[in-house]
Number of protein chains: 2
Amino acid sequence: MGITKTDRFTEQQNKLAILAKALGHPARIAIIEYLLKVDTCICGDIVNELPLAQPTVSQHLKELKNAGLIKGNFEGNSICYCINESGFEKIKGFFQNISNHLDKNKKQCC
Amino acid sequence: MGITKTDRFTEQQNKLAILAKALGHPARIAIIEYLLKVDTCICGDIVNELPLAQPTVSQHLKELKNAGLIKGNFEGNSICYCINESGFEKIKGFFQNISNHLDKNKKQCC
DNA sequence: ATTTAATATCGTAATATTGCAATATAAATA
DNA sequence: TATTTATATTGCAATATTACGATATTAAAT
């Protein structure tokens, strides 16, 4: 049916899935990598960095913002974007857990 | 057009996106969490753990496997599933990078 | 050889995502 | 105020995802 059975999973599971999904597109990975590279909040030129039309980039930015992975504030007549640390903390925690589990436990049989 | 412009991004970016996308569904998060919880390779009963029909679970398992996040081997007449560490290493690295960057750099203005 | 059990595949309906042209909006500047 | 610049929204076509019933496959057990 193309619709995820959100209500059958925990809030935690849904939250993690939303964060992961937001990173599940190369354009959105590219945006994050660019924000990290310039190492500061950037006003505007993300559109010029990506091989996509302006409305498409705008849409990807919106998704990253909705997921809580970037922040964007009006700054004069452009917008200032940067990484939203708290979103990344959540995912990082998930992978840290996995990593800890895997280090402790080596019962791999496959 | 509903089709991602894969060729316009780097291989790295596409790989990360594929991994993240595979985790972008609560059922697949639930599968990973279950595999971590039982702390061993599990033969079969993932279907019973999830609130989804067997063909649907099978499809989700396939996606996790294709993305390189789990492994599955035939073990008699059932299948033995477990976490694929190498897939998780890659994503963990990405978040580690981000985390390092953010710790070093506090030029947040948003 | 049949039956049973576990899992995969096929087919299909409902819905979501991706991408962009066209257009709207909103602030800065002339 | 009119124009320019930056960004968002709308509408739509192409494609992808989610879910599941029906069915196929495969290996073990009878």
Side-chain angles (χ1 to χ4, degrees), chain A residues 1-9 13-14 17-31 34-35 41-67 69-82 110, chain B residues 1-9 13-14 17-31 34-35 41-67 69-82 110:
Chain A
M1 301 161 187
I3 188 169
T4 295
K5 287 186 152 183
T6 301
D7 55 311
R8 302 303 200 85
F9 299 95
Q13 289 165 340
N14 281 304
I18 286 170
L19 287 166
K21 196 173 185 177
L23 292 170
H25 191 291
R28 296 194 289 267
I29 295 282
I31 290 170
Y34 180 60
L35 287 178
C41 300
I42 207 68
C43 295
D45 40 36
I46 295 175
V47 171
N48 304 320
E49 281 293 311
L50 294 193
L52 298 170
Q54 179 267 322
T56 309
V57 174
S58 185
Q59 201 174 283
H60 284 305
L61 286 168
K62 193 176 169 185
E63 277 171 66
L64 286 170
K65 206 171 162 186
N66 285 343
L69 291 168
I70 64 174
K71 289 185 275 188
N73 286 356
F74 284 92
E75 184 93 4
N77 78 343
S78 71
I79 293 190
C80 181
Y81 281 109
C82 57
C110 303
Chain B
M1 303 165 184
I3 188 169
T4 294
K5 288 187 153 183
T6 301
D7 55 311
R8 302 303 200 87
F9 299 96
Q13 288 166 339
N14 281 304
I18 286 170
L19 287 166
K21 194 173 186 178
L23 291 170
H25 190 292
R28 297 195 288 266
I29 294 283
I31 289 170
Y34 180 60
L35 287 177
C41 299
I42 208 68
C43 295
D45 39 38
I46 296 174
V47 171
N48 304 320
E49 280 294 312
L50 293 193
L52 297 170
Q54 180 267 323
T56 309
V57 174
S58 185
Q59 200 173 284
H60 284 305
L61 287 167
K62 193 176 168 186
E63 278 171 65
L64 285 170
K65 206 173 161 185
N66 286 342
L69 291 169
I70 65 173
K71 288 185 276 188
N73 285 357
F74 283 91
E75 182 93 4
N77 78 342
S78 70
I79 292 190
C80 181
Y81 281 110
C82 57
C110 305

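Reminder, nothing fancy here: chain letters follow the sequence lines and each chain counts from 1.
Across all strands shown, A:Ser58 has heavy atoms under 4.0 Å from base atoms, whether or not it also approaches the sugar-phosphate. Residue contacts for B:Arg28: at a heavy-atom cut-off of 4.0 Å it reaches the sugar-phosphate backbone alone, with no base atom in range. Across all strands shown, B:Lys21 has heavy atoms under 4.0 Å from sugar-phosphate atoms exclusively, and none from any base.
Here the closest heavy-atom approach between residue B:Ala22 and residue B:Ala67 is recorded as CB-CB, 3.5 Å. When all heavy atoms are compared, the tightest approach of A:Asn14 to B:Pro26 is OD1-CG, 3.2 Å. A pairwise comparison of heavy atoms in B:Gly72 and B:Tyr81 identifies CA-CD2, 3.7 Å as the closest pair.
Across the protein-nucleic acid pair, A:Gln59 atom CD and C:dA21 atom P stand 13 Å apart, rounded to whole Å. If you measure from atom OH of A:Tyr81 to atom P of D:dT7, you get 7 Å, rounded to the nearest angstrom. The distance from atom CD1 of A:Ile18 to atom P of C:dA16 is 13 Å, rounded to the nearest whole Å. Here D:dT7 presents its C1' atom at 14 Å from CG of A:Asn73, a figure rounded to the nearest Å. Nucleotide C:dA8 holds its P atom 13 Å from the CD atom of B:Glu63, rounded to whole Å. Spacing between atom CG of A:Leu61 and atom P of C:dT17 amounts to 17 Å, rounded to whole angstrom units.
Where A:Lys65 and A:Thr6 meet DNA chain D, the nucleotide closest to each residue was compared, and A:Lys65 sits on the side nearer the 5' end.
In this structure, of C:dG19, D:dA19, C:dT7, it is C:dG19 that holds the atom nearest to the side chain of A:His25. Residue B:Thr4 has its side chain nearest to C:dG19 when only C:dT9, D:dA8, C:dG19 are considered. You'll find that the side chain of B:Lys5 is closest to C:dC20, out of C:dC20, C:dT7, D:dT7. Out of C:dC20, D:dT9, C:dT7, the shortest distance to the side chain of B:Ile79 is found at C:dT7.
Separation of atoms CG (A:Asn66) and CG (A:Leu61) is listed at 11.0 Å; rounding is to 0.5 Å.
Taking only side-chain nitrogens and oxygens, B:Lys62 never comes nearer than 4.0 Å to OP1 or OP2 of C:dT7. Phosphate contact (OP1/OP2 of D:dT17, side-chain N/O of B:His60, threshold under 4.0 Å): absent.
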Determine all donor-acceptor pairs shorter than 3.5 Å in which one atom belongs to a side chain in residues 43-52 of chain A; sequence neighbours excluded.
residue: A:Asp45; atom: OD1; partner: A:Tyr34; partner atom: OH; Å: 3.3

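Taking the side-chain contact (heavy atoms from CB on, under 4.5 Å) definition, one finds that A:Ile29 meets it with A:Leu23, A:Glu33, B:Gln13, B:Leu16, B:Ala17, B:Phe94, sequence neighbours left out.
Within residues 47-56 of chain A, the residues approached by DNA chain D to less than 4.0 Å at the level of any non-hydrogen atom are A:Gln54, A:Pro55, in residue-number order.
Using cut-offs of 30° and 60° for the angle between ring planes, the A:His25 and A:His60 rings count as tilted.
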